[in-house]
There are 4 protein chains.
Amino acid sequence: MNTVSSKAQAVRPGRPRSQERRLAVLHAAAELALEDAAAPTMDAIATRAGVSRTTLYKWWPSPSAVLLEGLLEHFHESIELDDALPVREALTGQVDALVHLLRDTAAGTLLRGLMAASSSDRTVGEAMLDTWLRPRREHAVHHLHRGIADGSLRAGTDVEIVTDALFAPVYHRLVWGHAPLEDDLAERICDLVWSGIAAP
Amino acid sequence: MNTVSSKAQAVRPGRPRSQERRLAVLHAAAELALEDAAAPTMDAIATRAGVSRTTLYKWWPSPSAVLLEGLLEHFHESIELDDALPVREALTGQVDALVHLLRDTAAGTLLRGLMAASSSDRTVGEAMLDTWLRPRREHAVHHLHRGIADGSLRAGTDVEIVTDALFAPVYHRLVWGHAPLEDDLAERICDLVWSGIAAP
Amino acid sequence: MNTVSSKAQAVRPGRPRSQERRLAVLHAAAELALEDAAAPTMDAIATRAGVSRTTLYKWWPSPSAVLLEGLLEHFHESIELDDALPVREALTGQVDALVHLLRDTAAGTLLRGLMAASSSDRTVGEAMLDTWLRPRREHAVHHLHRGIADGSLRAGTDVEIVTDALFAPVYHRLVWGHAPLEDDLAERICDLVWSGIAAP
Amino acid sequence: MNTVSSKAQAVRPGRPRSQERRLAVLHAAAELALEDAAAPTMDAIATRAGVSRTTLYKWWPSPSAVLLEGLLEHFHESIELDDALPVREALTGQVDALVHLLRDTAAGTLLRGLMAASSSDRTVGEAMLDTWLRPRREHAVHHLHRGIADGSLRAGTDVEIVTDALFAPVYHRLVWGHAPLEDDLAERICDLVWSGIAAP
DNA sequence: GTCTAAACGAGACGGTACGTCGTGTCTTCGG
DNA sequence: CCGAAGACACGACGTACCGTCTCGTTTAGAC
């Protein structure tokens, strides 16, 4: 076995990037976003993190980019697929986890800020789709297909719409705030959806 | 009967507000928002409308406020209640109207911008709730209650959740852009929901 | 005797100008100038005087004009010529009166403000020259000529320079503030000047 | 002996201030003041100097501050003390230099503008006192004391008043404009004053 | 132990938009 | 015609944040 990393990470010359600073920045950004319930400024992030503005701009193109990375850093909970669980439990569990994540942790506020940013910054929107929404949707889709395969769900189930129906109400309440994210929200959503997809 | 006009419109002293200018501003704001797909600046609105910045600030506290009023001005379609229609048609029609409004007119872009603004500006969020979302929700709720009353819907129907399930997917797609607002979107959503609420 | 004023003042039609308002404005302007030690704004004057801005602009072209009229209104003390007094006493008295006027009354502050305004507004400067400075200078010149005539002053006395030397130090201290306007200032100035102009 | 430069000029971190820009600003400010005979706006200065408004505000708090520094930059003629000269010549020369400076160069206009500004902005007035008036007065006072010491002036000479009498008429004519700054003005003022202070 | 190249800190700078203030004009009504 | 009330245009103000730049100073790892 050779001494060069098999991961082929070319050992670049010069001073290596400081991981402490990177984390300090992500932490500071999240902190500020929570305090102000608004996208923090680059300057504020830099000051809070004890890092120079130059460094920030070197690694992130915009405040949203920092926030997005912070969000992923802190909430990358594995979302493991557990095919042993009945389909309904698996899906309800996923929606319930989302409700609590958005309500009880920083993720909710961060997501709202990022969704706002995505309306003006195309790249943010796409990054969020790729790293946040789509993985979760695919997860749900997987379970729905499993249900169809094992006969617990109707054959012609409209998988895309069902996925929307499961998750959209949660994000909807987060964004508009017309009703709270209640503890039984996931349960109520799934109750409704199930009548429409459960095999007769 | 008194001599005072029954309309009782107190004649306010001073030069009356110019309606032409007001409309010019709302028009300009909407126009700019569509062109740039982003919230226009006060300065840009003023220039386009041929109005001074001072006047803008006199009547609206922020670009979002202008945009919101512009949105309502242009899309105040009556949303009349038509209790003659079967409940399902009424609701499907409402969702379908929303889909087309958001996809085919300026409303979609404007709404996205406003939703972004509402994440940092509390007042915008509340104004949107009061003038946009809640009236439409109450509308749906009315039809749902009508359905329960006439026996076409189950007695225990979870009205709030059903309303969310009907509308949320539409806004969700608008915001995230993970899938288009298709022509049959309303139909598919209602199909799914109906199985869960139709009286057996 | 007829009822029409012999002064031939054409009785103009319509509502006559309100003298109460005029005085209220002059008063308010002076008051504000003193409080802020700066030229008041038209708006502030109007508010304080309980008068509308429209009225202000109808009668005065600028804040300085109001201030100037206020200054003249309040400080038009007669400056009578008293040829019975010895020349030196007359002049010393005039300088001393100026010192106290500028130091102990509103006039000092008002004058500073007006002098500032005159640097950008030509008309103010000329109005001040005509209504304030020149009358006082002519006064002094009169006494100097009297002194030359009665033999108490030298024949070749440079009247213009002497007048400057008498008054300039007072205004100079007012404007620059490098030294106070002391009680004996007039006396000291006159002492110095007298040695240069008294007949030997 | 240490290796550190004896000049001990601490090398300050960060990008050093651009001297070209600083001078361009001062130049532009003076230029504009002369053209318009009025205090230029920050915006005009910035545009003319090819510098951003932000930079202006970073270094100067107000238009007046720029103007003052510009004035000092351009008219810092050495005003050296020449004790070899007879006292009278020294003083006459100083007054004469002032007359020509105010009449023939930009200094006159600039000074008028600054004196106007000083009436509303305390800091400007004090800066002008410290950097402009007092140095010149101390200069004159020095010569007067020299005259007293060498017996050419009377023992009890009122130095402060004499200094006022020498300079005030010049500034007075500049501000009020009731008479021009003639070529022989300095001579005439000194003639008058001298009779009052020359030793008998 | 140097050497070197990149990371990093500090801060100047240009630029855009912000929201405010003061001026002066205009419009509508009432005395 | 006087006057009040207030809409409006214009121009300057001072601030905030953005993103770029230009210095000087670390600092890990290669030689």
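Nothing here was measured: the structure is a model prediction, and the numbers come from that model. Just so we're on the same page: letters track the sequence lines, and every chain starts at 1.
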*Asks:* When you measure from every atom of DNA chain F, which of residues 111-123 of chain A have a heavy atom less than 4.0 Å away?
*Replies:* none
*Asks:* Using heavy atoms to find the nearest nucleotide of DNA chain F for A:Ser62 and D:Arg53 separately, return the residue whose nucleotide is more 5′.
*Replies:* D:Arg53
*Asks:* Can a donor-acceptor pair under 3.5 Å be found between the side-chain atoms of A:Thr54 and the base atoms of E:dA7?
*Replies:* no
*Asks:* Of C:Lys58 and D:Pro13, whose closest DNA chain F nucleotide lies nearer the 5' terminus?
*Replies:* C:Lys58
*Asks:* For residues 42-51 of chain D, which residues have at least one heavy atom under 4.0 Å from DNA chain E?
*Replies:* D:Gly50, D:Val51
*Asks:* Rounding to a whole Å, what distance do you find between B:Leu56:CG and E:dA17:C1'?
*Replies:* 13 Å
*Asks:* For DNA chain E, whose closest nucleotide is more 5', that of B:Tyr57 or that of D:Ser52?
*Replies:* D:Ser52
*Asks:* Look at the side chain of D:Arg15 against the base of E:dA12 and say whether a donor-acceptor pair falls under 3.5 Å; ignore hydrogens and angles.
*Replies:* yes
*Asks:* Can you name the residues that form a side-chain contact (heavy atoms from CB on, under 4.5 Å) with B:Arg22, not counting sequence neighbours?
*Replies:* B:Arg17, B:Gln19, B:Leu26, B:Trp60, B:Glu69, B:Glu73
*Asks:* Does the E:dG14 base have a donor-acceptor partner in the side chain of D:Thr55 within less than 3.5 Å?
*Replies:* no
*Asks:* Verify the contact: side-chain N or O of B:Trp59 to OP1 or OP2 of F:dC8, cut-off strictly under 4.0 Å; return yes or no.
*Replies:* yes
*Asks:* Is C:Arg48 reaching over with its side chain to a backbone N or O of C:Ala29, donor-acceptor style, under 3.5 angstrom?
*Replies:* no
*Asks:* Looking at A:Ser18, I'd like to know whether one of its side-chain N or O atoms comes within less than 4.0 Å of OP1 or OP2 on E:dA7.
*Replies:* no
